[in-house]
Amino acid sequence: MGSKITIIGAGSVGATIAYTLSNESVASEIVLIDIDKRKLAGEVMDIMQGTGFRDPISVIAGDYEDAKDSDIVIITSGIARKPGQTRLELVQTNVDILKSITPEVVKAAPNALYIIVSNPVDILTYVFTKISGLPDRQVIGSGTLLDTTRLRACISEKFSVSQRNIHAYVFGEHGDSSFVPWSCAEIAGFDFDDYANWMIQNGKLDAAPDKDAIIEYVHKSGGQIIANKGATFYAIAVSVCRLCNILLSAFNSIITVSSVMHGEYGIDGCSLSTLNLVGPKGIEAKLPLKLTDEEVAKLVDSANKMKEVISHIDI
């Protein structure tokens, strides 16, 4: 496709994104940047040696100036979350790292679309938007894109139905204050509860899935993976690569990503995930999905938690 993607950070997440992209046709050039030059060289060599089975692609270890003319820049730099640590506990350290990166990469690639992946992603999406000076449409936080795939994976297992038939979303923070707007959740056009009842009536299900257990799975699965293997990187890499495909597609898609709020649902002064129309121009618009009063209250609560953190950080 002739697209150029730069990834900042060659840790587990950044390297896995680079590797995953190298196996797809979305980019013909991948630039990987990291302060650890030895690890960076090793990651690039390892990735590049596996590209002989696909169409030719350039994968290089670069510096910020090599991000010039990138279509997409993905920021994964930062300290990883440790077992038992919340995403928000990472905040000031990763804000400071982002502040050092932002002017360098924006100078090199002012027209790129930026995907913020580093945690806490909602805080860093807000900070990057503010300090970069870029239009909001160019800055996309990965947000609850991964949470939504976790949600759909869980529902798929409960109902034994393809994830492609599931339209359900996670809104709010990429973290513990996120929630599922169940009033809008559908399976192949059926309301979630109606589909569950149909399954029960036809002997395909003994009882309706526990919604609280599903959202707990969404909240806890990342921490469980970190406790078991030390880090999460496969699912987020696939999610980010899917987002790259969307940004380089001919048409827009509707997905949950994090962006600065400007009065939607009565919220401003932070970044959160709601439904966004996303495509080759970045974020085209936020879609006003109709929520119940209770769901709006949950979204406002999530926003207030983000704003409380923002009020205590040095931007």
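Since this is a predicted model, take the numbers as computed values, not measurements.
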Handout entry: Audit row: K37, D63, side-chain contact (heavy atoms from CB on, under 4.5 Å) steps and yes/no
Key = CA-CA 10 Å; K37 300 303 183 184; D63 291 309; 2.7 Å; yes
Problem - Audit row: I57, R54, side-chain contact (heavy atoms from CB on, under 4.5 Å) steps and yes/no - result: CA-CA 8 Å; I57 182 174; R54 55 151 293 164; 3.5 Å; yes
Handout entry: Derivation of the salt bridge (charged side-chain N to carboxylate O under 4.0 Å, His left out) call for D210 and K158
Key = CA-CA 10 Å; D210 185 332; K158 299 292 184 184; over 6 Å; no
Problem - N245 and E24: CA distance, side-chain angles, deciding distance, side chain to side chain donor-acceptor pair (under 3.5 Å) verdict - result: CA-CA 10 Å; N245 274 279; E24 299 186 5; 3.1 Å; yes
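Of the options I72, V73, T125, a side chain to side chain contact (heavy atoms under 4.5 Å, CB included) to I115 is made by I72 and by none of the others. The only member of V26, I254, V278, V257 that meets side chain to side chain contact (heavy atoms under 4.5 Å, CB included) when paired with I246 is V278. Screening L32, I236, I5, T76 for a side chain to side chain contact (heavy atoms under 4.5 Å, CB included) involving I17 leaves a single residue, T76.
Under 3.5 Å, the side chains of K4 and S28 contain no donor-acceptor pair of N or O atoms. With no hydrogens or angles considered, no side-chain donor-acceptor pair links D122 and S271 at under 3.5 Å. Side-chain N/O atoms of T148 and T256 include a donor and acceptor closer than 3.5 Å. Between N111 and Q138, the side chains place no donor N or O within less than 3.5 Å of an acceptor N or O (distance only, hydrogens not considered). H262 and D136 form a side-chain donor-acceptor contact under 3.5 Å, judged by distance and modelled atom types alone. In summary, the side chains of S178 and H219 do present a donor paired with an acceptor at a separation below 3.5 Å, with no hydrogens or angles considered. Under 3.5 Å, the side chains of T274 and E264 contain no donor-acceptor pair of N or O atoms. Residues N197 and Q201 have side chains that never bring a donor and an acceptor to within less than 3.5 angstrom of each other.
Other residues, nucleotides and ligands contribute more than 12 heavy atoms inside 6.0 Å of the NZ atom of K286. Remark: K281 NZ is loosely packed, at most 12 non-hydrogen atoms of other residues, nucleotides or ligands lying under 6.0 Å away. Residue-environment remark: CG (D206) stays at or below the threshold of 12 foreign heavy atoms within 6.0 Å. Within 6.0 Å of the CD atom in E294, the count of heavy atoms belonging to other residues, nucleotides or ligands does not exceed 12. Counting non-hydrogen atoms of neighbouring residues, nucleotides and ligands closer than 6.0 angstrom, the CD atom of E157 reaches no more than 12 such neighbours. Within 6.0 Å of CZ in R242 there are 12 or fewer heavy atoms belonging to other residues, nucleotides or ligands.
The cluster map of Ile, Leu, Val, Met, Phe, Trp and Tyr, joined by side-chain heavy atoms under 4.5 Å apart, puts I116 and V238 in different clusters.
Under the 6.0 Å cut-off for aromatic ring centres, F192 and F159 qualify, their centroids lying closer than that.
K229 forms a cation-pi arrangement with F233, by the criterion of a distance under 6.0 Å to the ring centre and an angle within 45° of the ring axis.
Classified by interplanar angle (parallel below 30°, tilted 30° to 60°, perpendicular above 60°), the ring pair F179/F171 is perpendicular.
Although no hydrogens or angles enter the test, the distance criterion places a donor-acceptor pair under 3.5 Å between the side chain of S132 and the main chain of L134. Looking at E295, its side chain does come within 3.5 Å of a backbone N or O of W182 through a donor-acceptor pair. For the pair S22 (side chain) and Y19 (backbone), a donor-acceptor distance under 3.5 Å is present. When atom types are taken as modelled, the side chain of N202 and the backbone of K204 share no donor-acceptor pair closer than 3.5 angstrom. Within the 3.5 Å criterion, the main-chain N or O of I283 finds no donor-acceptor partner in the side chain of N276. In terms of modelled atom types and a separation under 3.5 Å, the side chain of S273 and the main chain of T144 share a donor-acceptor contact. Judged by distance alone, the side chain of K99 and the main-chain N or O of D314 form a donor-acceptor pair under 3.5 Å. Between the side chain of R150 and the backbone N or O of S221, no donor-acceptor pair lies under 3.5 Å.
Here E173 contributes atom CD and M306 contributes atom CE; the two are 3.5 Å apart, rounded to the nearest 0.5 Å. Rounding to the nearest 0.5 Å places CG of L243 at 8.0 Å from CD1 of I74. In this structure, the separation between CG on L21 and OG on S3 is 10.5 Å, given to the nearest 0.5 Å. From L145, atom CG reaches atom NE2 of H174 across 10.0 Å, with rounding to the nearest 0.5 Å.
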